[in-house]
Amino acid sequence: EEVVYTCDTGHTLDGSAIGATTFTRTCQGDGMFSAPSTCQPVVCGVPTVGANSELPAGATSKKYLETITVPCKPGFALTSAPDSPAAYEATCEANGRFSGVEVCVNIDDCGGYQVDCGSGRCIDNQRPTGVHADDYRCQCDSGFEELIDPTTLARSCHNIDDCPAVNPCAPGSCVDGINDFSCSCPEVGYQSLGRSCARLECPSKSALHTTRSTDVAVKYEDEVTYTCDTGYSVDGSASGAHSYIATCEADEKLSGV
């Protein structure tokens, strides 16, 4: 007579997933059963890893119910969240395949870390390195440039200084804008022309029985000499001064005329 033996789940006679799972033993004339066969655990080998993950160094072939931990590549994890697990565990199953194989995805280094670029937007690096500071960049608006904080390594957009090296607003000061600059001029005697400060002008003004040293308008703090005509003096006396100086004041008038 014969007795049929069946291998336990995950075992076959040759260790392959498609191998035979039963064997028979025959009762022989000497009252002994024929030699038994041995059931071997199914061998899965090493797993074919999911995208963006890699087998650990020295990975060995796995048998039924044995596991292997597979890490994601740097900058990748099981979800895009920065605190997501960065490895998965694959298990050798009875069918000779691994269960639990996952696909690792790029960690969101913008929203996940709540990056604030300011006047620009965060662009996640599609080929991450695993170092957060290197795995995103700020695409800045016009007139702004990306700067990196030397302490925190955080990236953000800052206004580009458009003021020239040589101050065009002197004696005022240059005020930086976005893709432009303007001038802050002294409150007394000057006016802003946008990109420069100009002295106020006093219009030409004549005086009776005098000749001006110039016939054009003069500017704030400039002086004009008035010379009396022959036979005239400032005070009407023969010994009186025959000229005087007028100064252009902040009210755009000549003093002393």
Side-chain angles (χ1 to χ4, degrees), residues 109-111 113-123 125 132-134 136-257:
D109 287 276
C110 290
Y113 286 89
Q114 298 182 335
V115 171
D116 182 10
C117 285
S119 296
R121 66 189 186 96
C122 182
I123 304 296
N125 186 356
H132 170 60
D134 297 331
Y136 75 96
R137 63 183 176 87
C138 288
Q139 182 173 291
C140 300
D141 297 340
S142 177
F144 293 81
E145 63 181 344
E146 182 189 63
L147 296 180
I148 302 176
D149 187 293
T151 301
T152 66
L153 301 182
R155 299 169 182 264
S156 58
C157 296
H158 295 260
N159 187 12
I160 297 172
D161 187 358
D162 296 291
C163 288
V166 178
N167 183 15
C169 302
S173 57
C174 182
V175 180
D176 186 33
I178 299 176
N179 285 324
D180 200 2
F181 68 89
S182 60
C183 291
S184 176
C185 301
E187 294 183 359
V188 177
Y190 289 82
Q191 62 178 336
S192 174
L193 299 181
R195 289 192 162 200
S196 64
C197 293
R199 289 184 293 168
L200 295 174
E201 290 187 351
C202 293
S204 175
K205 183 179 181 180
S206 61
L208 190 63
H209 304 303
T210 61
T211 301
R212 283 168 50 102
S213 57
T214 178
D215 291 326
V216 299
V218 292
K219 298 180 179 181
Y220 173 62
E221 295 184 328
D222 283 348
E223 295 179 337
V224 180
T225 300
Y226 284 80
T227 302
C228 297
D229 294 340
T230 302
Y232 292 85
S233 67
V234 175
D235 61 3
S237 68
S239 60
H242 289 274
S243 65
Y244 61 90
I245 295 174
T247 303
C248 181
E249 303 291 351
D251 61 359
E252 300 178 72
K253 294 181 181 180
L254 288 168
S255 65
V257 177

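Numbering of residues begins at 1 and proceeds along the displayed sequence.
Across every non-hydrogen atom of N159 and G177, the tightest pair is ND2-O, 2.8 Å. Among all heavy-atom pairs drawn from C248 and V218, the shortest one is SG-O, 3.8 Å. When all heavy atoms are compared, the tightest approach of D176 to C163 is N-SG, 3.8 Å. Nearest approach of A250 to G189, heavy atoms of both residues: CB-N, 4.0 Å. Nearest approach of E201 to A217, heavy atoms of both residues: OE1-CB, 4.1 Å. C169 approaches C174 most closely through the heavy-atom pair SG-CA, 3.8 Å.
Between the CD atom of E252 and the SG atom of C202 there is a distance of 7.0 Å, given to the nearest 0.5 Å. To the nearest 0.5 angstrom, Y232 atom OH is 11.0 Å from T210 atom OG1.
The SG atoms of C157 and C140 sit under 2.5 Å apart. SG atoms of C110 and C122 are separated by less than 2.5 angstrom, consistent with a disulfide link. The SG atoms of C183 and C197 do not sit under 2.5 Å apart.
Judged by distance alone, the side chain of D162 and the main-chain N or O of N179 form a donor-acceptor pair under 3.5 Å. A donor-acceptor contact shorter than 3.5 Å is absent between the side chain of E223 and the backbone of I245. The backbone N or O of T247 lies less than 3.5 Å from a partner atom in the side chain of S255, making a donor-acceptor pair. Judged by distance alone, with hydrogens and angles left aside, the side-chain atoms of H158 form no donor-acceptor pair with the main-chain N or O of F144 at under 3.5 Å. One N or O on the side chain of R155 and one on the backbone of Y136 form a donor-acceptor pair closer than 3.5 Å. Side-chain atoms of N167 come within 3.5 Å of backbone atoms of G172 as a donor-acceptor pair (strictly under, hydrogens ignored). R199 places a side-chain N or O within 3.5 Å of a backbone atom of Y220 that can act as its donor or acceptor partner.
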CA sep, side-chain torsions, deciding dist, call: V234, C228, side chain to side chain contact (heavy atoms under 4.5 Å, CB included): CA-CA 7 Å; V234 175; C228 297; 4.2 Å; yes
Audit row: R137, N125, side chain to side chain contact (heavy atoms under 4.5 Å, CB included) steps and yes/no: CA-CA 7 Å; R137 63 183 176 87; N125 186 356; over 6 Å; no
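Within a 6.0 Å sphere centred on CZ of R121, other residues, nucleotides and ligands contribute 12 heavy atoms or fewer.
Side-chain contact check for E146 versus C138: some heavy-atom pair is nearer than 4.5 Å. Side-chain contact between T214 and V224: present, with at least one pair of heavy atoms (C-beta onward) separated by less than 4.5 Å.
Test S182, C185, P186 against S192 for side-chain contact (heavy atoms from CB on, under 4.5 Å) and you get one pass: C185.
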